[in-house]
Student: 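First the structure, which I've put down as structure tokens, then a few questions once you've had a look.
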Amino acid sequence: MDHPPPLDSHSEIRDEVAKLCAHFPGEYWRKLDQVRGYPTEFVHALTEAGYLGALIPEEYGGAGLPLSAAAAILETVHAEGCNGAACHAQMYIMGTILRHGSPAQKTAYLPKIATGELRLQAFGVTEPTSGTDTTSLRTFARKDGDKYIVNGQKVWTSRAEHSDLMLLLARTTPREQAKSRTHGLSTFIVDMRAALGHGLTIRPIRTMMNHNSCELFFDNMEVPGQNLVGEEGSGFRYILDGMNAERLLIAAECIGDAKWFIRKATDYAKDRKVFGRPIGQNQGIAFPIARAYAQMRAAELMVREGCQKFEAGLTPGEEANTAKLLGADASWAAAEACIQTHGGFGFAEEYDVERKFRETRLYQVAPISTNLILSYIAEHVLGLPRSY
């Protein structure tokens with residue numbers, strides 16, 4: 001089926017990304033899934049084409065494109081049956097460095113990230129004890145002369161084994177001494193190549209989808225003082241830029257997933273005949289697909305609005321959270337409709353439905369759960385009393 005033309009002006013980018021993805025069909029992803037492999041060839045192809053450097057300014061060797069272009073890239077990756085989870089962090093982490101990094105940090109890292117010489121794929125925020133209660137994290141970075149000594153633990157730090165750099169959020173002021181809940185947290189650029197085996201330990205976590213998730217342990221890990229992003233103690237505010245970008249880009253991926261599921265379900269519902277007629281003629285099949293389509297279109301509009309606000313230098317908290325909520329719900333509704341339409345065949349690996357089904361289920365939980373988004377909207381948009 002043909003979808004309406006996209007709302008943005010990135011049609012050429014979408015066409016080129018689709019051509020690239022055609023070289024990585026379902027069979028490629030199924031083989032990786034079986035061995036929990038990292039899609040090195042796919043990430044390399046995206047890097048070579050300049051897509052992973054899309055947000056890096058031209059002066060640092062990137063394409064200098066807006067967030068909406070990054071959203072178009074990742075949406076297309078997912079709409080074509082591929083998976084951007086192996087590399088999407090490089091795009092949304094970029095917001096923190098571009099807006100708050102020093103000129104020296106940008107000069108040192110951005111050109112090499114743009115060429116693929118360095119990978120910035122790891123975002124160290126979540127911890128086992130605090131989960132998404134970010135202000136309660138315990139990992140501590142103690143100032144020691146011209147460096148920081150880091151001790152603590154992170155979990156669900158995806159792609160850590162395949163990244164050269166990590167953006168790390170750690171406490172630099174004890175919580176009881178902090179001026180507010182969000183004060184006293186600082187952001188660092190960690191060179192994982194130098195730290196691994198020297199205070200940094202990485203352990204992979206096997207999950208229901210091939211997401212390359214890891215837990216990290218810091219035991220007196222040294223980070224040069226020059227790797228502090230912005231001012232000490234203001235890190236929480238800095239990563240909000242990255243989080244809003246993350247939620248908009250994840251929403252775009254969910255929209256891509258929804259389009260893949262809808263197309264897959266629609267095509268199958270037209271061709272599959274039971275009791276002498278196409279199963280798509282039955283409202284029990286047609287209506288869930290149609291409803292998922294409507295949900296997907298609504299999510300598209302919110303992603304567009306959020307990207308416009310982000311590109312204007314504003315903070316799209318409401319739009320980013322709402323887009324992620326709508327996008328995740330749309331992709332999950334489309335996944336349910338697709339697997340139900342296929343019946344038993346939806347569970348067969350060769351159809352790719354079960355793989356995409358597992359992959360898109362993640363976004364009801366990560367990078368922020370649906371319930372926390374609802375809490376944000378209730379408190380910050382509707383003005384209801386804080387629930388936690």
Side-chain angles (χ1 to χ4, degrees), residues 1 3-4 6-8 68 71-72 74-79 81 83-85 88 92 131-132 156 207-209 211 243-266 269 283-307 309-310 316-342 346 353-382 384 387:
M1 62 169 290
H3 289 288
L7 297 167
D8 53 49
S68 56
L74 291 176
E75 179 195 312
T76 305
V77 164
H78 282 249
N83 189 354
H88 58 197
Y92 60 71
T132 47
W156 307 122
T207 62
M208 68 182 286
M209 77 289 293
H211 203 72
M243 287 181 170
N244 283 324
E246 175 188 50
R247 288 165 197 180
L248 287 167
L249 293 178
I250 293 296
E253 290 186 358
C254 289
I255 291 166
D257 279 345
K259 288 183 176 180
W260 187 90
F261 284 120
I262 291 166
R263 182 175 64 246
K264 193 88 169 175
T266 300
Q283 293 178 352
I285 294 292
F287 283 8
I289 302 173
R291 181 176 290 276
Y293 176 83
Q295 291 176 270
M296 178 273 292
R297 293 288 283 163
E300 273 190 312
L301 289 169
M302 190 53 69
V303 169
R304 181 192 188 194
E305 187 172 328
C307 285
K309 200 167 181 179
F310 187 92
E318 176 184 346
E319 294 79 7
N321 280 282
T322 304
K324 198 274 180 179
L325 172 71
L326 294 176
D329 283 353
S331 68
W332 185 236
E336 287 275 8
C338 188
I339 206 164
Q340 198 69 20
T341 298
H342 281 76
V353 175
E354 62 86 26
R355 171 178 63 84
K356 294 283 283 184
F357 185 86
R358 287 183 283 111
E359 289 171 358
T360 210
R361 179 61 178 85
L362 172 66
Y363 298 120
Q364 288 289 324
V365 175
I368 183 173
S369 75
T370 297
N371 283 342
L372 276 175
I373 290 180
L374 292 173
S375 292
Y376 175 92
I377 293 173
E379 179 187 351
H380 296 285
V381 180
L382 303 179
L384 292 170
S387 65

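Heavy-atom basis, side chains included; hydrogens, waters and symmetry copies ignored. Since the model is a prediction, treat every value here as computed from it, not as a measurement.
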Student: Under the side-chain contact (heavy atoms from CB on, under 4.5 Å) criterion, do V353 and W260 qualify, and how do the steps go?
Tutor: CA-CA 9 Å; V353 175; W260 187 90; 4.2 Å; yes

Student: Minimum heavy-atom separation for S387 and S375, please, with both atom names.
Tutor: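 For S387 versus S375, the nearest heavy atoms are OG-OG, 3.8 Å.
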
Student: Hey, are D257 and S331 close enough side-chain-wise for a donor-acceptor pair under 3.5 Å?
Tutor: no

Student: Any donor-acceptor pair under 3.5 Å linking the side chain of K324 with the backbone of C254?
Tutor: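 Pair absent, no side-chain N/O of K324 close to backbone of C254.
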
Student: Determine whether H88 and L74 make a side-chain contact, defined as any pair of heavy atoms from C-beta on separated by less than 4.5 Å.
Tutor: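 Touching, per the 4.5 Å side-chain cut-off.
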
Student: In Å and rounded to the nearest 0.5 Å, what is the CD to CD1 distance from E318 to I377?
Tutor: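 Between atom CD of E318 and atom CD1 of I377 there are 7.0 Å.
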
Student: Supply the atom-to-atom distance T322 OG1 to L301 CG, rounded to the nearest 0.5 angstrom.
Tutor: 12.5 Å

Student: Nearest heavy-atom pair of C307 and A71: which atoms, and what distance?
Tutor: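 For C307 versus A71, the nearest heavy atoms are SG-CB, 4.3 Å.
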
Student: How are the rings of W332 and F357 set relative to one another: parallel (under 30°), tilted (30 to 60°) or perpendicular (over 60°)?
Tutor: tilted

Student: Can you tell me how far CD of E319 sits from CG of N244, rounded to the nearest 0.5 angstrom?
Tutor: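 Answer rounded to 0.5 Å: 9.0 Å.
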
Student: Please check if the side chain of R247 supplies one atom and the backbone of A320 the other of a donor-acceptor pair under 3.5 Å.
Tutor: no

Student: Measure the CG-CE distance between L248 and M302 for me, rounded to the nearest 0.5 Å.
Tutor: 10.0 Å

Student: Within a strict 4.5 Å, meaning less than it, do heavy atoms of the T207 and W156 side chains meet?
Tutor: yes

Student: For the residue pair T360 and F261, establish whether any side-chain heavy-atom pair is separated by less than 4.5 Å.
Tutor: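 Yes, at least one pair of side-chain atoms sits under 4.5 Å.
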
Student: Quick one: does T266's side chain have a donor or acceptor within less than 3.5 Å of a partner on I262's backbone?
Tutor: yes

Student: Could you check whether K259 pairs with E300 (Lys NZ or Arg NE/NH1/NH2 to Asp/Glu carboxylate O, under 4.0 Å)?
Tutor: yes

Student: Identify the two heavy atoms, one from I285 and one from T341, that lie closest to each other, and give their separation to 0.1 Å.
Tutor: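 The answer is CG2-OG1, 3.9 Å.
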
Student: Could you check whether any side-chain heavy atom of H78 comes within less than 4.5 Å of a side-chain heavy atom of K356, counting everything from C-beta outward?
Tutor: yes

Student: What distance separates N321 CG from L374 CG, expressed to the nearest 0.5 Å?
Tutor: 9.5 Å

Student: Testing the basics here: between C338 and A265, what is the closest heavy-atom pair and its distance to 0.1 Å?
Tutor: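 The pair with the smallest heavy-atom distance is CA-CB, 3.8 Å.
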
Student: For T370, which residues count as a side chain to side chain donor-acceptor pair (under 3.5 Å) partner, sequence neighbours excluded?
Tutor: Q364

Student: Could I get the full list of side chain to side chain donor-acceptor pair (under 3.5 Å) partners for K264, not counting sequence neighbours?
Tutor: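 With neighbours one apart ignored, the set is empty.
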
Student: Considering all heavy atoms of both residues, which atom of M296 and which atom of A258 are nearest to each other, and what is their separation?
Tutor: CG-CB, 3.9 Å

Student: I need the I255 CD1 to I250 CD1 distance, nearest 0.5 Å.
Tutor: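 The CD1 atom of I255 sits 11.5 Å away from the CD1 atom of I250.
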
Student: What is the minimum heavy-atom distance between A323 and A251, and which atoms define it?
Tutor: O-CB, 3.3 Å

Student: Which pairs count as salt bridge (Lys or Arg N to Asp or Glu O under 4.0 Å) when at least one residue sits in residues 359-382, sequence neighbours excluded?
Tutor: R355-E359, E379-R386

